[in-house]
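The block underneath contains the structure these notes are about, expressed in structure tokens.
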Amino acid sequence: MKEVFTVMKKVMTKLLAGIATVLLSVMTLLVLYQVFTRYVLSSPAAFTEELVRYFLIWTGFIGAAYAFLTREHMCLVLVRDNLSPEKRRILMIFLDVLILFFAILVITIGGFKLALSAQKVYSALLGIPRSLVYGMAPISGFFIIMAQIINIYEDVTGVVIEGGDEE
């Protein structure tokens, strides 16, 4: 089981980091293009603002999945660090299961329903369905679910799965 989770974690880490890198790079280029067209050509490219906004939403969702996978998300360590190892393990299992249920119910199922409901709603400038924007929620929800399954396995067994950015 450890070997399967190790491969999954390595693949997901590289995939999520790659997607976030591409999105951030494209956003940077779009913003530079918008600044160039606005101040040099005096004719701003309006589509870039909407596209950057959508890419920022996607980057946030992908970044959240990456943070849960690598356990680099924000947390308050004051309570956790003052507990005994056994109580800390129980707290981590509880929190990871809670995040798993949230990812299943709200991000994945709720995001899927939101994306379906927005199929006939189109963006103002680009004219693309909003479901393309909202579709990132269930995709990132799937990655968060997989990350939480790995995290719960680590919590229960005490085995740390390598495969993040340790290289």
Note, Phe36 side chain near Leu32 side chain (heavy atom, < 4.5 Å): no
Short N-O contact, Arg89 and Glu86, less than 4.0 angstrom: yes
Side-chain touch Tyr134/Lys113, heavy atoms, less than 4.5 angstrom: no
Main-chain N/O of Ile99 paired with Gln148 side-chain donor or acceptor, under 3.5 Å: no
Pair Trp58-Phe61, ring-ring contact (aromatic ring centres under 6.0 Å, His included): steps then yes or no: CA-CA 5 Å; Trp58 292 350; Phe61 276 109; over 10 Å; no
Residues, nucleotides or ligands: over 12 heavy atoms within 6.0 Å of Tyr33 OH: no
Gap between atom CG of Leu95 and atom CD1 of Ile152 - 0.5 Å precision: 10.5 Å
Distance, nearest 0.5 Å, that separates CE of Met136 from CD1 of Ile139: 5.0 Å
Exceeds 12 heavy-atom contacts within 6.0 angstrom, atom CZ of Phe112: no
Close side-chain approach of Val159 and Phe5, heavy atoms under 4.5 Å: no
Contact check, side chains of Gln119 and Ser131, non-hydrogen atoms, under 4.5 Å: yes
Smallest separation among heavy atoms of Phe142 and Thr108, with atom names: N-OG1, 3.8 Å
Side-chain (Lys9) to main-chain (Ile150) donor-acceptor, under 3.5 angstrom: no
Minimal non-hydrogen separation, Ala65 against Ser140, with atom names: CB-O, 4.0 Å
Shortest non-hydrogen contact from Ile145 toward Ala103: CG1-CB, 3.9 Å
Gap separating the CD1 atom of Ile144 from the CD1 atom of Ile107, nearest 0.5 angstrom: 4.0 Å
Spacing of Leu51 atom CG and Met27 atom CE [to the nearest 0.5 Å]: 10.0 Å
N-O pairing of Glu49 and Arg38 below 4.0 Å: no
Heavy-atom donor-acceptor pair, Thr59 side chain to Ala20 backbone, under 3.5 Å: no
Side-chain touch Arg71/Asp96, heavy atoms, less than 4.5 angstrom: yes
From Arg53 atom CZ to Thr48 atom OG1, the distance as rounded to the nearest 0.5 Å: 10.0 Å
Shortest non-hydrogen separation from Met12 to Leu69 and the atoms involved: CE-CD1, 3.5 Å
Gap between atom CG of Leu125 and atom CD of Glu50 - 0.5 Å precision: 4.5 Å
